[in-house]
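Have a look at the structure below, then the notes.
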Amino acid sequence: MIEVTELSFTVGGVQILAPTTLTLPAGQITALIGPNGAGKSTLSRLIARIETPPPGRVRVNGRDVATTPGGVLARDLAFLGQHTGLASRLRVRELVAFGRWPHCHGRPGPADHAAIDRALRDFELEPLAHRFLDTLSGGQAQRAHLAMAAAQETPWLILDEPLNNLDLAHARALMAHLARLRDAGGSVLIVLHDLNFAAAWADHVVAMKAGAVVATGTPEAVLTGPRLSALYDTEIAVITQGGRPLVLHHLAPA
């Protein structure tokens, strides 16, 4: 479980995240949704201690994020942000191997090599394992970074807009992989802009607007037409398909 208590963040006198208290359940996929500038990425980065700890507290599986040694925290959670960058002389397998650093500190053993192999296989990167990163497409590079985060094999996986650059098949494959992680006892926090991916795959949804959490709950509770229309300041309709919400956000004018 992740417990956020009175967490806030201000830059240059501008409040990016209002004081926020929130519980993220373990063993579930939690989707963080909301319009641009809602504070989703900021919240995910603060939870992962990518930003300097601000006022408030974050506890991950009972550990205070602000005071937990980095090596210990890196075995509790893995984080992948939007801006990964590319090292031109780094091969795909070498990148994925970085995910094992918290476990082996650069001296991989059989368990580490097995985890790297699993991640390459899960993200369909085996044919690209010896390619340099700067020879990959944007989608291939995104999958390589996702594989690195997955290879870390932490109880919590935090992903900030990981569907960027992925085609529909690989986006669905990623969500299916996250579902398998959840079913095996893992926990996921994922920032999503595609509401139908949240509707189809998430167990828990957190909606944010203007730096504040405005709704939390199941997809059925949060992803309603009135609630989403208010969240995004545009008319949105929601129907039910296969027992899950289906968001119709490209409505033609009447």
Side-chain angles (χ1 to χ4, degrees), residues 1-3 23-33 40-41 43-45 47-50 58-63 65 72-82 84 92-93 95-104 108 111-126 139-140 142-194 196-206 218-219 244:
M1 180 169 61
I2 292 178
E3 301 165 280
T23 298
L24 303 178
Q28 295 189 14
I29 297 174
T30 295
L32 197 52
I33 67 166
K40 305 181 300 297
S41 294
L43 178 58
S44 67
R45 290 173 64 85
I47 289 172
R49 206 174 73 184
I50 304 302
V58 179
R59 297 176 71 87
V60 177
N61 295 338
R63 299 186 198 274
V65 165
V72 175
L73 187 62
R75 293 193 293 273
D76 281 338
L77 64 83
F79 173 84
L80 183 65
Q82 296 180 46
T84 53
V92 170
R93 187 180 181 88
L95 174 69
V96 175
F98 283 150
R100 299 303 300 170
W101 182 268
H103 304 278
C104 68
D112 302 295
H113 289 298
I116 295 164
D117 290 339
R118 278 194 299 274
L120 290 169
R121 181 177 64 252
D122 288 344
F123 288 90
E124 300 180 10
L125 291 167
E126 290 171 308
Q140 290 169 334
Q142 180 76 344
R143 282 156 48 207
H145 283 89
L146 287 164
M148 175 185 65
Q152 201 167 327
E153 294 188 336
T154 52
W156 275 92
L157 182 58
I158 301 176
L159 304 173
D160 187 5
E161 296 190 36
L163 303 188
N164 289 353
N165 297 317
L166 297 185
D167 59 32
L168 283 175
H170 285 109
R172 186 186 186 284
L174 169 62
M175 298 307 297
H177 176 74
L178 298 180
R180 290 192 296 273
L181 289 179
R182 173 204 58 202
D183 294 344
S187 308
V188 178
L189 174 62
I190 179 170
V191 178
L192 290 175
H193 274 295
D194 191 313
N196 280 319
F197 275 101
W201 295 95
D203 307 294
H204 185 73
V205 178
V206 175
T218 64
R244 286 271 186 164

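Note that the numbering runs from 1 along the sequence shown for the chain.
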Give the C-alpha distance, both sets of side-chain angles, the deciding distance and a yes or no for side chain to side chain contact (heavy atoms under 4.5 Å, CB included) between L146 and L166.
CA-CA 11 Å; L146 287 164; L166 297 185; 4.1 Å; yes

Derivation of the side chain to side chain contact (heavy atoms under 4.5 Å, CB included) call for L73 and R63
CA-CA 8 Å; L73 187 62; R63 299 186 198 274; 5.9 Å; no

I'd like to know whether V206 forms a side chain to side chain contact (heavy atoms under 4.5 Å, CB included) with L189, so could you lay out the CA-CA distance, the side-chain angles of the two residues, the decisive distance to 0.1 Å, and finally the verdict.
CA-CA 10 Å; V206 175; L189 174 62; 5.9 Å; no

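Looking at heavy atoms from C-beta onward, I47 lies out of side-chain contact with V65 at the 4.5 angstrom threshold. Using a 4.5 Å heavy-atom cutoff, the side chains of L43 and V191 are not in contact. Counting heavy atoms from C-beta outward, L178 and W201 have side chains that stay 4.5 Å or more apart. Side-chain contact between E153 and R100 is present, with at least one heavy-atom pair separated by less than 4.5 Å. Residues N61 and L77 are not in side-chain contact: their nearest non-hydrogen atoms beyond the backbone lie 4.5 Å or more apart.
Of all heavy-atom pairs between A78 and A149, the closest is CB-O, 3.7 Å. Between W156 and P25, the closest heavy-atom pair is CH2-O, 3.4 Å. P219 and A198 get closest at one heavy-atom pair: CG-O, 4.3 Å.
The CD1 atom of I190 lies 12.5 Å from the CD1 atom of I33; values are rounded to the nearest 0.5 Å. If you take CD on Q152 and CZ on R75, they are separated by 10.5 Å, rounding to the nearest 0.5 Å. One finds the CD1 atom of I29 at 9.5 Å from the CG atom of L192 (value rounded to the nearest 0.5 Å). Note: H103 NE2 to T154 OG1 = 7.0 Å, rounded to the nearest 0.5 Å. Remark: L125 CG to R143 CZ distance equals 5.0 Å, nearest 0.5 Å. The distance from atom CZ of F123 to atom CD of Q142, rounded to the nearest 0.5 Å, is 10.0 Å.
Contact check on R93 versus D117 returns a salt bridge, with a Lys/Arg side-chain nitrogen under 4.0 Å from an Asp/Glu carboxylate oxygen.
The number of heavy atoms from other shown groups lying within 6.0 Å of CZ (R172) does not exceed 12.
The main-chain N or O of H170 is found under 3.5 Å from a side-chain atom of D167 such that the two form a donor-acceptor pair. Under a 3.5 Å cut-off, the side chain of R182 and the backbone N or O of V188 do not form any donor-acceptor pair. Listed for the E3 side chain is no donor-acceptor partner under 3.5 Å among the backbone atoms of G62.
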